[in-house]
Amino acid sequence: MELSKNYIPSATEDRWYAHWLNKRYFNSRPDGRPAFTVVIPPPNVTGVLHMGHTLNETVQDILVRKARMSGYNACWVPGSDHASIATEAKVVGMLKERGIDKNSLTRPAFMEYAYEWKDKYGGIIYHQIRKLGCSVDWDRVSFTMDKDYYDAVIRIFVDLYQKGLIYRGARMINWDPAARTALSDEEVEYREEQGKLYYVKYKIDGEDTYIEVATQRPETIMGDTAICVNPSDERYLGLKGKSAIVPLVNRKVPIIFDTYVDPAFGTGALKVTPAHDINDYNLGLKHGLPIIDTLNEDGTLSAAAEILVGMERFAARKKVVEMLGAEGLLVKEEAHPTRIGFSQRTSAVVEPRISTQWFVKMKEMAEPALKAVTEGPITIHPGDKFLATYKYWLENVKDWCISRQLWWGQQIPAWYSPDGSLRVAATREEAWKLFAAGGGQRPAGQEAENAVGNRAAETVVGTDGKTFTMEDLVQDEDVLDTWFSSWLWPIEVFKGVTHPGNADINYYYPTSVLVTGQDIIFFWVARMIMAGLYYFPDSLPIEKRIPFRDVYFTGMVRDKQGRKMSKSLGNSPDLLELIEKYGADAVRFGIMISSPAGNDLLFDESALEQGRNFNNKLWNALKLVKMWEGRVQPEVEGAADHFAVQWFESRLASVRAELEKLYTDFRLSEALKTLYSLIWDDFCSWYLEWVKPGFEQAMDGGVYAKTVYFYEELMQLLHPFMPFITEELYHLLRERTDGDDLCVREFEAIGAFDAPVLAQGELLKEVITAIRDARNKAQIKPKEAIQLHIQTHVQATYQAIGTILVKQVNAQEILFTQDTQEGALTVVVGKDKFYLGIDRVVDLSSQKEEIQKELVYLKGFLESVNKKLSNERFVQNAKPEVINLERKKLADTEAKIRVIEETLAGL
RNA sequence: GGGCAGUUAGCUCAGUUGGUUAGAGUAUUUCCUUGACAUGGAAGGGGUCGUUGGUUCGAAUCCAAUACUGCCCACCA
């Protein structure tokens, strides 16, 4: 077969992926082998994979493929997340483009559009995962809104409610006026912005004096219900018991005193608006202040504002400033940097707002989740870089607001009767039974179960004395936070909630390792741990309840300038285009090569180029080996006696041991570097050159077989990182029987290596390099053969490597000499001297200079060693092996200096 | 404001319990194309390890201070 000049990825990648799928290599069923389980962090169903995902998926695939080739039953579960608010925002946007207002639709009609959107765009990420070569089990695709998954989420909600861990309450929450929904604290992103501080005068009631306050939000003035100053602030002591008049609306509000106020900030007086600021809200609670909510859900001013009703909040701010100015109440405005909260999903400025929401109590769930990481059995990689963050969050955790005023998501299973009371149950029927059974408004778990068993009544009399039927029950309009479904991911992808104790959950749970971005440590990682520990009974050992044993945090992918990759900056490259341009293996290589765990990665296309070049190198190495195939002669020399074979065999064994360690420590980028250098330098640059037969000469059969074996082993080691090309080359190398695919080939046991042989190989490399360097500098053309005389005390060293040496430096033959050859081109390596003979005069002056430089270096080195050894305290305190090492250094350096001085004298 | 990381060659990064005068890749320089590969080969130059002080016989490595960068948390109007 004719092999093309360069490797062409597009021609092979799809073919091999189809083959692997066809062979069902990625499909897993429980069996007698140990399981290696990974669940994919489900990407948003509407999104595309960005470089961050690419990094995560690549890391997971490397670990999964490595496990699969190491005797584990590897199972990688793919899937996607419905991402309630992000997706809903996109669907609303799509409807808008079609001229449809979401509010004009019924809920079921909207859901139809949403599913249409999901079906259309949801496939993109799966396509990308395929193109990247990910070995996921496609029979196990999960989606957080699948029927079973939905049920699981509802069950957990009901269960937590019955245990008293979920409650409904009025709280100040983060409100997204664009999406018109509550947000959790974690969904708010703060950014530093240049704001303004307005100084406003409030008239003191019944006096002709004013008190001045500073505010960033003059549009909330209409909601003021107090002015607050620090009780120790002497400027305001006279105001005790007095009131102020709120400008524009002329409402009388008390002046209160609280140490919360910082006298040094602004004027030392604070306007208190309990409805629109979390601190003011807390002050209001403490001092019993009324709450005047002056904003509507969409961020416009409400009727309670009295003025500017219906105006958008930022327009209103301008207007209020104008009006204050007109009334002479605006003293000044000054620039003031401030941090403003934005909705992570819609980028709208978040509004603190009081509303009734559902919450999960976090304190008691946090405790075991903290212990599972600080005291084991969960290990976070790298090291404990993130342990402190994790710990801090869990120790200071606040209740989790889980209701969202959206339609796309799991609808909260709470049912309201016309009198306003509610029951929590998975279905309307069950809720009705609870109503029919009577009892308290919030039945405890035991009562609820008994009630369900009762025969349902036709009608129930409400607390208001009116009767109602099951049909009158109204379900809560809100849906649950996306993370309230994601936190069940490692359990419910194996149907652990909907079909407890099934074979899959028993076999695959807990998963082996979670690979994810550090940015979702609270959103997701911590909560999955809580869910696992909550869901599985305490009677099980903790090792069985945690969702994963290891957590591997990947860093954030940034662009070359160090900026975060984002759609708005347009600096996130398209994955499919990159694969098109460089090939999937090269993309995987490029993203892995400089990506130590937990460190940010500066994405640079030149790394992908390096990956593509590596592909090409592998391809051409194969071509070389294949060229020899036709010239193979029966084994003459005996491969085992060939130094190159001995050396590479040992090299391979030692690197394999290194790689094992690197995998265990999750140092994947190091592992790839090690492999890259093993293949490019040791195998291609040295080994292949050493065994290469002369032009049109025969290839020794034994050496050839060994070379093919080495090549095969290298492909196998590299396969987890670069699956496509390695599989392709494995098959091009020689005919394979059906099912003999690299993808499922098990690694053989790691052999021992021969340290002296390795050292000799290093010496050989060093001598070759030194002689080539001398040839270069003396401008001896590569084709000019030299006479090579070696002056050494240990001739045996060069017996084994002589043949290789002669060929690699283009010498006619190798000759040993006892005498110093004066005036010859001389190379010194260690204590040995090499004389390069050539049939013409060479200028030795530059060589002399070189050697002189070397001498200066060695003398400096000798001095530093001497200094150490003549230091009494060093000799007293240092470990014996260190001292011995220094003594050896001293002797070696002295010997080298002698040789060099001799050489110089001879020149 | 609090906490956590990082600072090593032009650039991106290794450097695992302190012990050869600091290593890769990339970029760069010189030379080399009918013989696997120019997406290549051979060879070279390039760093007082952010700064200052301390511990030690010995510090890129440990400690303290400091500067800069990044991240997380808290959210003073």
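Computed from a predicted structure; not experimentally measured.
Using a 4.0 Å cut-off between charged side-chain N and carboxylate O, A:K332 and A:E334 make a salt bridge. A salt bridge is absent between A:E212 and A:K201; no separation between the charged side-chain nitrogens and carboxylate oxygens falls under 4.0 Å.
Within the nucleic acid shown, A:Q610 comes within 4.0 Å of sugar-phosphate atoms alone, with no base atom in reach, counting heavy atoms only. Nucleic acid contact class of A:D519 (heavy atoms, under 4.0 Å, all strands): none. Residue-level contact check: A:V272 touches neither bases nor backbone, having no heavy atom under 4.0 Å from any strand. A:C684 comes within 4.0 angstrom of a nucleotide base, judged by non-hydrogen atoms across all strands. Looking at heavy-atom distances under 4.0 Å, A:K398 makes contact with sugar-phosphate atoms alone, never a base.
Taking the nucleotide of RNA chain B with the nearest heavy atom to each of A:V856 and A:L270, the more 5' of the two is matched to A:V856. Comparing A:K853 and A:Y676 by the nucleotide of RNA chain B whose heavy atom lies nearest to each, the residue mapping closer to the 5' end is A:Y676.
Screening A:R612, A:E605, A:R588 for a side chain to side chain donor-acceptor pair (under 3.5 Å) with A:Y582, the sole residue that qualifies is A:E605. A side chain to side chain contact (heavy atoms under 4.5 Å, CB included) with A:F834 is found for exactly one of A:V828, A:V829, A:V809, namely A:V829.
Summarising the base pairing, B:U39 is matched to no nucleotide, lacking a Watson-Crick or G-U wobble pair whose two defining distances lie under 3.5 Å. If you check B:A24 for Watson-Crick or wobble pairing at under 3.5 angstrom, you find it paired to B:U12. With both pairing distances under 3.5 Å, B:C62 is matched to B:G54 as a Watson-Crick or G-U wobble pair. Pairing partner, B:G70: B:C4, with both Watson-Crick or wobble hydrogen-bond distances short of 3.5 Å.
Look at the C1' atom in both B:U33 and B:A24: the space between them is 28 Å, to the nearest Å. Separation of the P atoms belonging to B:G15 and B:G54 is 29 Å when rounded to the nearest angstrom. Between B:U66 and B:G1, the distance separating the two P atoms is 13 Å to the nearest Å. B:U8 and B:U16 have their P atoms separated by 16 Å, with the value rounded to a whole Å. Distance check on atom P: B:A43 versus B:U55 gives 46 Å, rounded to whole Å. Atom P of B:U48 sits at a distance of 27 Å from the matching atom of B:A65, rounded to the whole Å. Across B:U61 and B:G6, the matching P atoms stand 13 Å from one another, rounded to whole Å. If you take atom C1' in B:C49 and the same atom in B:C13, they sit 13 Å apart, rounded to whole Å.
The separation between A:Y857 atom OH and B:A22 atom C1' is 11 Å, rounded to whole Å. In this entry the distance linking CE of A:M556 with C1' of B:A5 reads 13 Å, nearest Å.
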Scan nucleotides 56-63 of chain B nucleotide by nucleotide, 5' to 3', and note B when protein non-hydrogen atoms come under 4.0 Å of the base, S if they reach only the sugar-phosphate, - if neither. -B------
Expected string for nucleotides 37-43 of chain B under the B/S/- scheme (protein heavy atoms, under 4.0 Å, primed atoms plus P, OP1, OP2 as sugar-phosphate) is BSBSSSS
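The aromatic ring of A:Y392 does not sit over the base of B:C72; the criterion of centres under 5.5 Å apart with planes under 30° is not met.
Across B:A74, B:C13, B:A77, the shortest atom-to-atom separation from the side chain of A:D262 is found for B:A77. Side-chain proximity of A:T215 to the nucleotides B:A77, B:U21, B:C73 is greatest for B:A77.
Regarding contacts with the backbone of B:U21, a side-chain N or O of A:S864 is found under 4.0 angstrom from either OP1 or OP2.
Of the possible donor and acceptor atoms, one in the side chain of A:Q697 sits under 3.5 Å from a partner among the backbone N and O of A:G694.
Of all the heavy atoms in A:L659 and A:A671, the pair that sits closest is CD2-O, 3.5 Å. Here the closest non-hydrogen pair linking A:V350 and A:S343 is CG2-N, 3.4 Å.
Partners of A:D233 according to the side chain to side chain contact (heavy atoms under 4.5 Å, CB included) rule, which considers only residues two or more places apart in sequence or in another chain, are A:N230, A:R235, A:Y236, A:P263. Partners of A:E351 under the side chain to side chain donor-acceptor pair (under 3.5 Å) rule, at least two apart in sequence or in another chain, are A:R217, A:R313. Looking at residues two or more places apart in sequence or on another chain, you find a side chain to side chain contact (heavy atoms under 4.5 Å, CB included) between A:F265 and A:L197, A:D262, A:H336.
The CG atom of A:L608 sits 14.0 Å away from atom CZ of A:F614, with the distance rounded to the nearest 0.5 Å.
The closest side-chain donor-acceptor pair between A:T215 and A:Y199, if any, does not fall under 3.5 angstrom.
Within a 6.0 Å radius of CD in A:E580, no more than 12 heavy atoms belonging to other residues, nucleotides or ligands are found.
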Give the C-alpha distance, both sets of side-chain angles, the deciding distance and a yes or no for side chain to side chain donor-acceptor pair (under 3.5 Å) between A:Y390 and A:T374. CA-CA 9 Å; A:Y390 179 83; A:T374 52; over 6 Å; no
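Taken residue by residue, residues 624-632 of chain A places heavy atoms nearer than 4.0 Å to RNA chain B at A:L624, A:M627.
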